[in-house]
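Written below as structure tokens is the structure these notes are about.
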Amino acid sequence: MAVASDNEEFAKSPLQPLISVEKLEQVFDLGKGQQVKAVNQVDLDIYRGETLGLVGESGSGKSTLGRAILQLYEPTSGRVMFHGFDLKQLTRAEQFRVRKDMQIIFQDPYASLDPRMKVEDIIGEALDTHGLVKNASQRRERIEELLALVELDASFASRFPHEFSGGQRQRIGIARALAVEPDFIVADEPLSALDVSIQAQIIDLMQKLQEQLGLTYLFIAHDLAVVKQISDRVAVMQHGQIVEIAETNELYDKPLHPYTQQLLSAVPRLDTQFRASDQEIKDAVPASQHVVTLVEVSPGHFVAQ
Ligand code: ADP
Ligand code: MG
């Protein structure tokens with residue numbers, strides 16, 4: 001009884017992180033004895049209701065970190081705590097339930113939506129999988145509610161992804177993620193495939209939804225201006241490690257790590273890095289196994305030494 005109420009306290013406390021990443025490591029085997037350490041000993045807390053921005057050049061390990069947190073990969077070592085529970089220690093049934101609480105929004109809404117499925121089935125699939133609706137009329141009602149939430153017309157339900165613009169497709173991707181009422185969303189470059197004017201609308205929507213639904217975001221992006229606008233804190237990733245993390249204004253006003261300074265001074269270049277060649281990505285692979293130590297230089301501002 002005491003334990004249960006402690007856990008409840010824990011889950012509700014805004015001072016406790018919603019997610020704690022502890023010494024997380026993700027190694028990919030490339031065959032022929034070659035390995036890539038895409039995430040190297042990362043420690044990271046994500047607080048309830050915040051947006052944590054994650055920046056770093058192509059190949060620095062941002063997507064891998066996001067996916068490893070969601071347990072889409074089995075971490076090589078380290079652990080991810082969610083609501084205070086070690087995700088690896090959960091039973092299969094618990095894992096299934098917890099996965100519902102953690103969703104992802106992808107960069108390319110078109111590639112991530114099955115072109116043969118109607119919008120109602122793209123969104124409805126998640127409702128069915130988790131048994132969230134009892135019958136067809138409940139299902140339809142919930143789908144309409146979700147479409148309204150992302151500011152799309154109910155008539156869109158019976159149409160196919162190719163009938164929509166990029167921004168509308170991203171809204172469908174967001175509705176699909178929200179269908180299961182998650183607490184936490186990894187948004188992996190959700191704006192990179194969109195026109196600038198549309199980007200602003202999607203940012204607006206994401207902020208509104210965050211407020212309305214109490215969502216916590218890990219927002220991965222190349223565009224440092226976008227990250228600055230949406231994030232409460234920003235983490236900078238280089239060679240699979242976090243090299244600096246701070247409250248957003250602090251990081252942009254007083255970047256301390258040379259790599260952060262370089263990123264901030266190279267803002268116009270970042271868009272082209274998004275289309276980095278395979279060679280560039282290989283170049284970004286960590287050359288050494290050196291693990292940095294983050295030191296708190298002022299309250300909440302950590303820099304790698
Ligand atoms: P980012 O999202 O910052 O561009 P990624 O997380 O995609 O970086 O990639 C980090 C490193 O891990 C890169 O060297 C990439 O080539 C490698 N990598 C990512 N995913 C895989 C995979 N599934 N298999 C092998 N290597 C991968
Ligand atoms: Mg990526």
Side-chain angles (χ1 to χ4, degrees), residues 19 21 23-44 46 51-78 80 102-112 170 173 177 184-194 199 202 206 217-224 226-227 230-231 234-245 251 257 259-260 262-264 266-267 269-292 304:
I19 289 174
V21 174
K23 303 234 172 312
L24 194 68
E25 211 169 276
Q26 191 73 52
V27 176
F28 291 115
D29 233 313
L30 303 177
K32 295 183 183 159
Q34 293 264 66
Q35 288 188 331
V36 178
K37 201 175 268 191
V39 173
N40 193 357
Q41 301 278 321
V42 166
D43 286 308
L44 184 68
I46 306 175
T51 297
L52 177 66
L54 182 61
V55 298
E57 68 203 306
S58 201
S60 55
K62 305 180 299 295
S63 294
T64 304
L65 176 57
R67 280 154 206 237
I69 291 173
L70 298 180
Q71 309 285 294
L72 297 176
Y73 298 131
E74 191 184 332
T76 309
S77 65
V80 178
M102 311 167 85
Q103 294 293 311
I104 186 163
I105 301 170
F106 297 97
Q107 172 181 317
D108 182 345
Y110 198 56
S112 65
Q170 193 53 287
F184 175 63
I185 291 182
V186 172
D188 192 354
E189 313 245 13
L191 310 175
S192 298
L194 305 175
Q199 289 186 1
I202 299 293
M206 286 186 65
Y217 291 140
L218 176 65
F219 190 93
I220 301 173
H222 273 80
D223 187 330
L224 289 169
V226 166
V227 171
I230 199 169
S231 306
V234 176
V236 180
M237 201 165 182
Q238 181 189 32
H239 299 334
Q241 302 185 59
I242 305 289
V243 295
E244 186 162 5
I245 181 166
L251 188 98
H257 195 275
Y259 182 67
T260 311
Q262 187 190 324
L263 281 180
L264 285 171
V267 168
R269 271 196 61 215
L270 287 167
D271 265 343
T272 58
Q273 283 176 355
F274 161 55
R275 286 181 284 274
S277 67
D278 286 349
Q279 186 53 47
E280 282 175 287
I281 290 171
K282 279 211 189 80
D283 291 345
V285 169
S288 80
Q289 299 298 316
H290 174 70
V291 177
V292 300

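Positions are given from 1 along the sequence. For ligands, and for the atoms within them, numbers begin at 1 and follow the listed sequence. What's counted below: heavy atoms across the whole structure, side chains too, no hydrogens, waters or symmetry copies.
- The shortest N or O to N or O distance between Phe28 and ligand 1 is not under 3.5 Å.
- The part of Val36 lying near ligand 1 is the side chain, judged by heavy-atom distances below 4.0 Å.
- Ser63 lies close to the Mg ion (ligand 2), since one of its N, O or S atoms is found at a distance under 2.8 Å.
- Looking only at side-chain heavy atoms (C-beta outward), Val55 and Met237 stay at 4.5 Å or farther from each other.
- With a 4.5 Å cut-off on side-chain heavy atoms, Ile19 and Met102 count as touching.
- The closest approach between any non-hydrogen atom of Ser60 and ligand 1 is below 4.0 Å.
- For Thr64 and Gln26, the side-chain atoms include no donor-acceptor pair closer than 3.5 Å.
- For the residue pair Glu57 and Tyr259, a side-chain donor N or O sits within less than 3.5 Å of a side-chain acceptor on the partner.
- Side-chain contact check for Ile242 versus Asp43: every heavy-atom pair is 4.5 Å or farther apart.
- The shortest separation from a heavy atom of Glu57 to ligand 1 is under 4.0 Å, placing the residue in contact.
- Taking every heavy atom of Ser58 and a limit of under 4.0 angstrom, the matching atoms of ligand 1 come to 4 (O).
- Under the side-chain contact (heavy atoms from CB on, under 4.5 Å) test applied with Phe219, the options Asp188, Leu52, Leu54, Val226 reduce to a single match, Val226.
- Residue-level proximity to ligand 1 for Leu30 is carried by the side chain, the only part with a heavy atom below 4.0 angstrom.
- The distance from ligand 1 to the heavy atoms of Ala38 drops below 4.0 Å at these ligand atoms: 10 (C), 11 (C), 12 (O).
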